[in-house]
Number of protein chains: 2
Amino acid sequence: MDAAQLSPTGRVILGMIALGRRTGYEIKQLVDHSTRHFWAASYGQIYPELRRLEEGGLIKGRPEGSGGRTKIAYELTPEGSRALYDWLSSDAPLVFEMRNEGMLKLFFSDVAPETKLAQIRAMRSHYERQRAELHAIGKDPSEMTTGPGMTLDLGLGLVEWLIEWCLKAEDRLATAATGGVKA
Amino acid sequence: MDAAQLSPTGRVILGMIALGRRTGYEIKQLVDHSTRHFWAASYGQIYPELRRLEEGGLIKGRPEGSGGRTKIAYELTPEGSRALYDWLSSDAPLVFEMRNEGMLKLFFSDVAPETKLAQIRAMRSHYERQRAELHAIGKDPSEMTTGPGMTLDLGLGLVEWLIEWCLKAEDRLATAATGGVKA
DNA sequence: AGGTGCATGTAACAGGTTACATGATTAA
DNA sequence: TTAATCATGTAACCTGTTACATGCACCT
């Protein structure tokens, strides 16, 4: 199993284990607090994938009987490290997918022009929520040249740009509505 | 069938028909030249969905026997118009999904720091390609307050911001690599 | 005694892509 | 005649979500 055959979720899992996360539960936690905005994962994917990765020899799990119910801590095998590294250094075409219902509505908004303002406001409020979440994550200010740090910087800059765009668009619409005369 | 039950692809189809597109083929064409970057659709979705929408009474198709093979031109029924309008003016939570493998690699890049520069360059080259495509679409300069025009403006601004971010990040990394001394 | 968080897991479903099959029209 | 473009359609597959089931540990 090399990088080319590594499933999308498999890559996230390998990466998270490399960052020190051990159990499926912990992986899900970290995904929800970090990569979620640009790469999500659900339990329904994570647990079956952990099993597949172990069958493929990329990770090795051992039950930790710390008193309670068995929890399984995974770590990378040498092959797993190599697969992760191969993926990271591969120049295969990247997956860039997006489904943005806000933009879709905007695209069709000429059909109902009076809804435009509300749509942009809805979009802005989404990104403002996202900004707040990212700020919460960013409490501990990691270096801008570390992976998670860079990603956070990118994400925050992006949502801030989007919020600015919305504000300007709202302004433009308001001006247009009052016949070009600023209120 | 009201807006709440309208499937994602159904919304795109309804919108495209409202914008004047009639056949499944034409809808796919327009999607590929416009909404693709923030909302894609494949034939495998479009044709079955056209049938479902017709069964639901939202659109009505009639075969156009312009000589050759029957092609089917659809138009909105009054209920279809209403469903589209309902969706556009609804304040139900919006779908915002993203899978960005570039950011994912960046997130894990501390595992292989020497790949960082290449990753950011790959990301930039993706967005530069996208910018070129958007510029090609934007040949006819539509008003910034029309739906497609606004969306194009938003998309272009976004990719330009991303390209700038990449350039700055590349700079920062290059500087860090030479021990803080600019080359 | 009950709620919350840790922890694992699966079955049913939804949504979408890819590859293929088919065939007419049009331009070189 | 051949290639490209217009045009419709489906079956197999893949990926992922949602909702549920289970149960321990810890706090109040």
Side-chain angles (χ1 to χ4, degrees), chain A residues 4-13 16-17 21-33 35-55 59 61-74 93 95-101 104, chain B residues 1 4-13 16-17 21-33 35-36 38-55 59 61-74 93 95-101 104:
Chain A
Q5 290 155 306
L6 202 54
S7 77
T9 304
R11 305 196 273 244
V12 179
I13 292 178
M16 289 302 183
I17 294 177
R21 254 42 180 215
R22 329 278 299 280
T23 73
Y25 187 82
E26 281 174 331
I27 290 169
K28 170 71 170 150
Q29 295 293 302
L30 185 52
V31 165
D32 282 348
H33 287 92
T35 68
R36 175 168 57 100
H37 299 294
F38 55 88
W39 206 288
S42 66
Y43 286 128
Q45 274 299 112
I46 290 172
Y47 284 112
E49 187 63 30
L50 280 169
R51 195 163 291 180
R52 278 192 289 271
L53 287 172
E54 186 163 31
E55 276 163 19
I59 59 177
R62 69 165 67 62
E64 274 187 358
S66 60
R69 178 181 183 171
T70 34
K71 81 176 177 185
I72 308 168
Y74 291 91
V95 173
F96 285 92
E97 283 168 22
M98 199 169 164
R99 319 192 84 209
N100 187 317
E101 196 180 347
L104 192 63
Chain B
M1 184 162 13
Q5 291 156 305
L6 201 53
S7 76
T9 303
R11 306 196 271 245
V12 179
I13 292 178
M16 289 302 183
I17 295 177
R21 254 40 181 217
R22 328 278 298 281
T23 72
Y25 187 81
E26 282 175 330
I27 290 168
K28 169 71 169 151
Q29 295 292 303
L30 186 51
V31 165
D32 283 348
H33 287 92
T35 66
R36 176 169 54 102
F38 54 88
W39 205 287
S42 66
Y43 285 128
Q45 273 299 112
I46 291 172
Y47 284 113
E49 187 63 30
L50 279 169
R51 196 163 291 180
R52 277 192 289 271
L53 288 172
E54 188 164 30
E55 276 164 18
I59 61 177
R62 70 166 66 63
E64 274 186 359
S66 60
R69 179 179 183 170
T70 33
K71 80 176 179 186
I72 307 169
Y74 291 92
V95 173
F96 285 92
E97 284 167 22
M98 198 169 166
R99 319 192 85 207
N100 187 317
E101 197 182 345
L104 192 63

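When reading the values below, keep in mind they use all heavy atoms of this one structure, side chains included, and skip hydrogens, waters and symmetry mates. Predicted model only: the values in this text are computed from it and were never measured. Quick note on labels: first sequence line is chain A, next is B, and so on, each numbered from 1.
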In Å, rounded to the nearest 0.5 Å, how long is the span from [atom1] of [X] to [atom2] of [Y]?
| X | Y | atom1 | atom2 | value |
| --- | --- | --- | --- | --- |
| B:Glu97 | B:Trp39 | CD | CH2 | 7.0 Å |
| B:Tyr74 | B:Ile17 | OH | CD1 | 8.0 Å |
| A:Ile72 | A:Glu64 | CD1 | CD | 10.5 Å |
| A:Arg21 | A:Met16 | CZ | CE | 8.0 Å |
| A:Met98 | B:Arg99 | CE | CZ | 14.5 Å |

Would you kindly give the [atom1]-to-[atom2] distance between [X] and [N], to the nearest whole Å?
| X | N | atom1 | atom2 | value |
| --- | --- | --- | --- | --- |
| B:Glu54 | D:dG9 | CD | P | 10 Å |
| A:Ile13 | C:dG9 | CD1 | C1' | 14 Å |
| A:Glu64 | D:dC24 | CD | P | 19 Å |
| B:Glu97 | D:dT15 | CD | C1' | 12 Å |
| A:Glu49 | D:dT15 | CD | P | 9 Å |
| A:Ile46 | C:dA7 | CD1 | P | 14 Å |
| A:Leu50 | C:dG9 | CG | P | 8 Å |
| B:Phe96 | D:dT17 | CZ | C1' | 19 Å |

Axis-to-axis angle between the two ends of the helix from C:dA1-D:dT28 to C:dA28-D:dT1 (five base pairs per end, rounded to 10 degrees):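 Its terminal axes enclose an angle near 20°.
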
Selection from D:dT8, C:dT10, D:dT10 that lies nearest to any side-chain heavy atom of A:Tyr47: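 Closest of the options to the side chain of A:Tyr47: C:dT10.
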
Strand contacts (DNA chain C) in residues 21-30 of chain B, 4.0 angstrom heavy-atom criterion: none

Residues that B:Glu101 engages under side chain to side chain donor-acceptor pair (under 3.5 Å), provided they are two or more places apart: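 In terms of side chain to side chain donor-acceptor pair (under 3.5 Å), with neighbours along the sequence ignored, B:Glu101 is linked to A:Trp87.
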
Donor on one side chain, acceptor on other, A:Gln45 and A:Thr9, under 3.5 Å: yes

Pairwise N/O distances under 3.5 Å, protein to nucleotides 14-18 of chain C:
residue, atom, partner, partner atom, Å
C:dG16, OP1, A:Arg99, NH1, 2.6
C:dG16, OP1, A:Arg99, NH2, 2.1
C:dG16, OP2, B:Thr9, OG1, 3.1
C:dG16, OP2, B:Gln45, NE2, 3.1
C:dG16, N7, B:Gln45, OE1, 3.3
C:dT17, OP2, B:Ser42, N, 3.4
C:dT17, OP2, B:Ser42, OG, 2.8

With sequence neighbours excluded, residues passing side chain to side chain contact (heavy atoms under 4.5 Å, CB included) with B:Ile46: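 Per chain and number, B:Ile46 pairs via side chain to side chain contact (heavy atoms under 4.5 Å, CB included) with B:Ile13, B:Ile27, B:Lys28, B:Ala41, B:Leu50.
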
Side chain to side chain contact (heavy atoms under 4.5 Å, CB included) against B:Arg36, all qualifying residues, sequence neighbours excluded: B:Asp32, B:Glu133

B:Arg51 side-chain N/O to D:dT10 phosphate OP1/OP2 under 4.0 Å: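 So the side-chain polar atoms of B:Arg51 do come within 4.0 Å of the phosphate oxygens OP1 or OP2 of D:dT10, strictly under.
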
Ion pair check, B:Glu49 and B:Arg52, cut-off under 4.0 Å: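 Looking at B:Glu49 and B:Arg52, the cut-off is met.
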
Within-4.5 Å side-chain heavy-atom neighbours: A:Pro8 and A:Arg11: yes

